[in-house]
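Proteins get letters first, then strands, A, B, ... in listed order; numbering begins at 1 in each.
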Protein chains: 2
Amino acid sequence: MKKKLSIRDIAEQLKVSKTTVSFVLNGKAAENGVSKAMERRVLAYIEKVGYRPNRMAQGLRTGRSKTIGMMVEDISDAFFSSIARKFEEILSVKGYRIIYGSTENNTAVAKDLIQVFRNHQVDGYIIAPPPGIEEDIRELIADELPVIVFDRTLPNLEVDSVLVDNHQGAYRATRHLLDNGYKHITLVTLTSEQIQMRERERGYLDCLAEAGKRAKILRIKYHEQREKAVSDIEKNIPADTDAVLFATNYLAENGLEAIAMRRWNIPDQVAIAVFDDCNWFKLFKPSITAVAQPLEAICTEVVDLLLQKLEHAGHKAPRSLHLPTHLVIRDSSQQRSQ
Amino acid sequence: MKKKLSIRDIAEQLKVSKTTVSFVLNGKAAENGVSKAMERRVLAYIEKVGYRPNRMAQGLRTGRSKTIGMMVEDISDAFFSSIARKFEEILSVKGYRIIYGSTENNTAVAKDLIQVFRNHQVDGYIIAPPPGIEEDIRELIADELPVIVFDRTLPNLEVDSVLVDNHQGAYRATRHLLDNGYKHITLVTLTSEQIQMRERERGYLDCLAEAGKRAKILRIKYHEQREKAVSDIEKNIPADTDAVLFATNYLAENGLEAIAMRRWNIPDQVAIAVFDDCNWFKLFKPSITAVAQPLEAICTEVVDLLLQKLEHAGHKAPRSLHLPTHLVIRDSSQQRSQ
DNA sequence: CTGAAAGCGCTAACAT
DNA sequence: ATGTTAGCGCTTTCAG
């Protein structure tokens, strides 16, 4: 049984002081005048016995945990889990680990999670915020803790953020449906007031308004029983609908089922477009048109902003990035006759 | 700016000692004879000022971080991210958070991750092990650290594990295809030696052997370029194949594309069944037959085993659970003529 | 019933 | 160039 080593053991074995070991460990050998030879000796020994400093002790001492708290709506969602993976990739090379929490868009859960992250002394916060936590986020910022929000933001909240251009994405998808000859485009969205949803709605509305068409919006409650969502859509989708834009992947999942129940043929009777792409969409028959979010870019931008704050703390004016989406046109939105 | 409070501040404000506060905090008021009144007073004050103990200090002192390390193949995979979500749900009510790491089945990455988790002093390990880390896991166990492996295990490794009955799942899927009149069933699997893959293969082989049919196995390398995997399958799938069992979701994703390129009609020219279900499968046309894993059960069992170890340490004989899979029969595996 | 004090492993100012 | 030491915030033993 490998006994747990401490820096003191290392120092004793090596007949040097803890300080020296500590300096070497933290790459501060040179600046503190530890000889190159000594540095190599320490490094070699550490390597040999597989010593790694105790993060708890380090953390207690330095106030930094090398841990990032990531709060999303649902880690099992394809969008957020892809994001989680990329954050992990980028942050792990910088020595950070991630602890995550799913809010289900619940304010109380989110508030609690922020406290939990605080207890864990996370060094930074990556947050896809549910409604109602503006104040909590402001407190983090007031305490100089690095916070980046992404995917959506909150009204009147000044914070670094990385968003996609939801308006543009929905606008283009709608435009595309119109261009392909569809006339009665229904938006299926959530009842939620979240900004990204509002923006998607606005994109859709603006496009239809320009085209002089009437908008039809079907609002579904978040996370009821799956079956309820399906029947809700099935029952309430306007009968003259000839195209549907689903505002989220989750809605598409239920909505496609509803459309199958109605036996509407895609794309001849009804066209489909979905906000948020998914690997499986290209395999559907017909394949499904989607607004793809730039996952890679979102993640690198978030981490960039975060690392900047982590490395040189200090209040800069919050920056807000808007990344473009990309419309992936597939078969579900183009009539065969065309 | 809310100043960070320490237990000492609380004690001073309240004019009691840190000890008393600590006892109350840890629910040890009664057993240490702190008066009910005092307990209430402390609790009320803590609540009021929003004090939460510093985990780093607690951790340093107690050696416990209230953090679990979860190592999976890829957190962005639908299976693992669903699992991650459920672990989170169950563990968070017990006060644990999860840090995760994706191995991509890479031995070196996994070894490193175990070290990282150790530094972070995680209290327990939940591991979907890649090959070659038996020794590392044995070390954890030797050091009395709670380890549970799931999804797969490693040869000659004695450790608590929660697996599904891969053999049975593949056997039944194969049986089902035979029963539906398909005669040339090809298994598309990974080149990987992993036990769960081997078991699936055995299930398939045993079933065909019983039926006196010839087996055809197509092995694909893990995580090449997606396009390579697709063309690999397209080129090498036996021409007389009339049914395909994909050993994983990932293979199905590429294999379905390959089949589309070949313009084989499902289910008339070729039937499809996939190991591992996915929400989208019921929406495919035709909907796709799949072997569903009991996610919920896997998670509760893993956490159960883990919490037992966490709560009363000590060496018990390792337990190994095998959970049944469930064949979800859909349209991709039944000829219309039937 | 309550308080004083040791010490977990580490970092970094200060001493030598 | 290297060593000594205080103390981060907490838990827990032991004394009062």
Using the side-chain contact (heavy atoms from CB on, under 4.5 Å) rule, pick out the option among Val42(A), Asp9(A), Asn26(A), Leu43(A) that qualifies with Val21(A). Val42(A)
So Lys15(A), base contact, sugar-phosphate only, or nothing? Heavy-atom distance under 4.0 Å. sugar-phosphate
Could you tell me whether Glu89(B) and Lys86(B) have a side-chain N and a carboxylate O separated by less than 4.0 Å? no
Side-chain ion pair, Glu301(A) and Arg319(A), N-O less than 4.0 Å: no
Under the salt bridge (Lys or Arg N to Asp or Glu O under 4.0 Å) test, residues paired with Arg52(B) that sit two or more places apart: Asp112(A)
Hydrogens and angles aside, do Gln115(B) and Arg118(B) bring a side-chain donor and acceptor to less than 3.5 Å of each other? no
Salt-bridge contact Lys111(B)-Asp136(B) (side-chain N to carboxylate O under 4.0 Å): yes
Earliest and latest nucleotide of DNA chain D, 5' to 3', sitting under 4.0 Å from a non-hydrogen atom of chain B? dG9(D) to dT13(D)
If each end axis of the helix from dC1(C)-dG16(D) to dT16(C)-dA1(D) is fitted on five C1' pair positions, the angle between them, to 10 degrees, is 50°
Can you list everything that forms a salt bridge (Lys or Arg N to Asp or Glu O under 4.0 Å) with Glu12(A)? Sequence neighbours excluded, please. Arg8(A)
Residues passing the ring-ring contact (aromatic ring centres under 6.0 Å, His included) test with Phe87(B), sequence neighbours excluded, are Phe150(B)
Can a side-chain donor-acceptor contact be found between Gln58(A) and Arg55(A) if the only test is distance below 3.5 angstrom? yes
What does nucleotides 7-14 of chain C look like as a protein-contact string, B for base, S for sugar-phosphate only, - for none, at under 4.0 angstrom between heavy atoms? BBBBBBB-
Side chains of Ser161(B) and Ser320(B), donor plus acceptor under 3.5 Å: yes
